[in-house]
Protein chains: 2
Amino acid sequence: MFDELCPSSLNPIRFGDKWAALIVRCLEQGPRRFSELRVPLRRVTPKVLTQSLRSLERGGLVKRTATTEGGPHVEYELTPLGASMIEPLDAACAWAAEHWDELLDARESYDHALVQDTSV
Amino acid sequence: MFDELCPSSLNPIRFGDKWAALIVRCLEQGPRRFSELRVPLRRVTPKVLTQSLRSLERGGLVKRTATTEGGPHVEYELTPLGASMIEPLDAACAWAAEHWDELLDARESYDHALVQDTSV
DNA sequence: CTGTATCCCTATGGATACTG
DNA sequence: CAGTATCCATAGGGATACAG
């Protein structure tokens, strides 16, 4: 029933892996180089960043352009498909931001209740 | 920079774990019992379903109600907070559905190109 | 019926070091 | 600069069996 909504091998509802959404938001403002992406992403290790970028590239969301003149230079940018993802992604981020406090509060009171139960 | 957007411990941008989004969509149409949820979710094992439900409950997105009269009977339903998540979730699903073919095509041609490179 | 308990396997992601 | 290579730790998810 939900097969077509969420094949685990291609799960856009989760917007890809841990860094995918963040990368897309970085590229939202224009092309970025490999090293330019590392900084805002909390110093993600190169291996992991490469993994995520390859995955986005594979899904046609990001385009990679390399030149070698004057040292290696690689730029990543959103494809039109990638750019089309920004709208739902922003909606999700806006929702999260709007309800952030509620989420944290719910969590805290749930955990608090658990402690009570356990101690009794 | 992105800390407040995506703490890995509470990552609503990914709509929770593998089953969370699917569960929410099941509950969208009204309260469901534990066993009623197992069927549409491709026969997810009880352990995993319990895990996901607990996680949603902890986040204040789902409410659990249990009665014991005439055998165990437990119902899960969306809280207002959980219901508010449907909008961005639907947006994400709609995007995925709309661009599904493009995603698959991009993937296929990426993999195809890889094979070419490797064989050369 | 609604879960727990146990075991297990893989995928994800990170640290560190090295290369073209 | 833009990655690979290697090793490793953990968590997520699943199979199966059992319990209240």
Side-chain angles (χ1 to χ4, degrees), chain A residues 2-3 6-23 26-27 31-59 62-77 114 117-118, chain B residues 2-3 6-23 26-27 31-59 62-77 114 117-118:
Chain A
F2 279 121
D3 288 32
C6 186
S8 49
S9 56
L10 181 65
N11 193 337
I13 291 167
R14 295 176 78 188
F15 295 119
D17 60 27
K18 178 173 176 181
W19 301 100
L22 271 19
I23 292 174
C26 282
L27 296 178
R32 291 287 182 272
R33 302 181 57 173
F34 189 84
S35 49
E36 288 175 324
L37 287 171
R38 291 197 60 192
V39 181
L41 299 176
R42 308 211 320 163
R43 308 212 159 277
V44 57
T45 60
K47 193 198 84 171
V48 174
L49 180 55
T50 302
Q51 276 178 3
S52 288
L53 285 169
R54 289 285 182 283
S55 169
L56 288 168
E57 205 188 340
R58 187 177 179 227
V62 161
K63 185 181 156 206
R64 177 181 182 275
T65 313
T67 61
T68 46
E69 318 180 13
H73 184 108
V74 181
E75 275 198 351
Y76 294 92
E77 61 184 322
L114 271 193
D117 291 349
T118 312
Chain B
F2 278 122
D3 288 30
C6 186
S8 50
S9 55
L10 181 65
N11 193 337
I13 292 166
R14 295 175 79 188
F15 295 119
D17 60 28
K18 179 174 177 183
W19 301 101
L22 271 19
I23 292 174
C26 281
L27 296 179
R32 290 286 182 274
R33 300 183 58 177
F34 188 84
S35 50
E36 287 175 324
L37 286 171
R38 291 197 60 191
V39 181
L41 299 176
R42 310 212 318 165
R43 307 214 158 277
V44 57
T45 60
K47 191 197 86 172
V48 174
L49 180 54
T50 301
Q51 275 179 4
S52 288
L53 285 169
R54 289 283 181 284
S55 169
L56 289 169
E57 206 188 339
R58 188 177 179 228
V62 161
K63 184 182 157 206
R64 178 180 182 274
T65 312
T67 61
T68 46
E69 318 179 13
H73 183 106
V74 180
E75 275 197 353
Y76 295 92
E77 60 184 323
L114 271 194
D117 291 349
T118 312

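The sequence lines fix the lettering, A, B, ..., with proteins before strands; numbering per chain opens at 1.
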Inset, instruction - Taking only the side-chain nitrogens and oxygens of S35(B), find out if one of them lies under 4.0 Å from OP1 or OP2 of dT2(C). - result: yes

Legend entry - N or O in side chain of R33(B) less than 4.0 angstrom from dC1(C) OP1/OP2: no

Whole Å only: how far is the [atom1] atom of [X] from the [atom2] atom of [N]?
| X | N | atom1 | atom2 | result |
| --- | --- | --- | --- | --- |
| Y76(B) | dT2(C) | OH | P | 8 Å |
| K18(B) | dA11(C) | NZ | P | 12 Å |
| I23(A) | dG13(C) | CD1 | P | 10 Å |
| D17(A) | dG14(C) | CG | C1' | 13 Å |
| Q51(A) | dA11(C) | CD | P | 12 Å |
| R32(B) | dT2(C) | CZ | C1' | 18 Å |
| L53(B) | dT2(C) | CG | C1' | 11 Å |
| R38(B) | dG3(C) | CZ | P | 11 Å |

How long is the span from the [atom1] atom in [X] to the [atom2] atom in [Y], to the nearest 0.5 Å?
| X | Y | atom1 | atom2 | answer |
| --- | --- | --- | --- | --- |
| L56(B) | D17(B) | CG | CG | 6.5 Å |
| S52(A) | R54(A) | OG | CZ | 11.0 Å |
| T50(A) | R64(A) | OG1 | CZ | 9.0 Å |

Inset, instruction - Could you check which of dT6(C), dG13(C), dC1(C) has an atom nearest any side-chain atom of K47(A)? - result: dG13(C)

Inset, instruction - Using a 4.0 Å heavy-atom cut-off across all strands, classify R54(A) as base, sugar-phosphate, or nothing. - result: sugar-phosphate

Inset, instruction - Quick one: label V48(A) by what it contacts on the DNA or RNA (base, sugar-phosphate, nothing), any heavy atom closer than 4.0 Å. - result: base

Inset, instruction - Please name the pair of heavy atoms, one in T45(A) and one in R38(A), separated by the smallest distance, quoted to 0.1 Å. - result: CA-NH2, 4.0 Å

Inset, instruction - Could you tell me which non-hydrogen atom of E75(B) sits nearest to which non-hydrogen atom of P31(B), and how far apart they are? - result: OE1-CB, 3.6 Å

Inset, instruction - Could you pick out which residue, V44(A) or P72(B), lies toward the 5' side of DNA chain C when each is mapped onto its nearest nucleotide? - result: P72(B)

Inset, instruction - By nearest nucleotide on DNA chain C, pick out whichever of E75(B) and S52(A) is the more 5' one. - result: E75(B)

With the side chain counted from C-beta on, respond yes when [X] and [Y] share a heavy-atom pair under 4.5 Å apart, and no when they do not.
| X | Y | value |
| --- | --- | --- |
| C26(B) | Y76(B) | no |
| Q51(A) | K47(A) | yes |
| L53(B) | W19(B) | no |

Inset, instruction - Rounding to 10 degrees, work out the angle separating the end axes of the helix from dC1(C)-dG20(D) to dG20(C)-dC1(D) (five pairs an end). - result: 50°

Legend entry - Nucleotides bounding contact with chain B, strand DNA chain D, heavy-atom threshold 4.0 Å: dG13(D) to dG20(D)

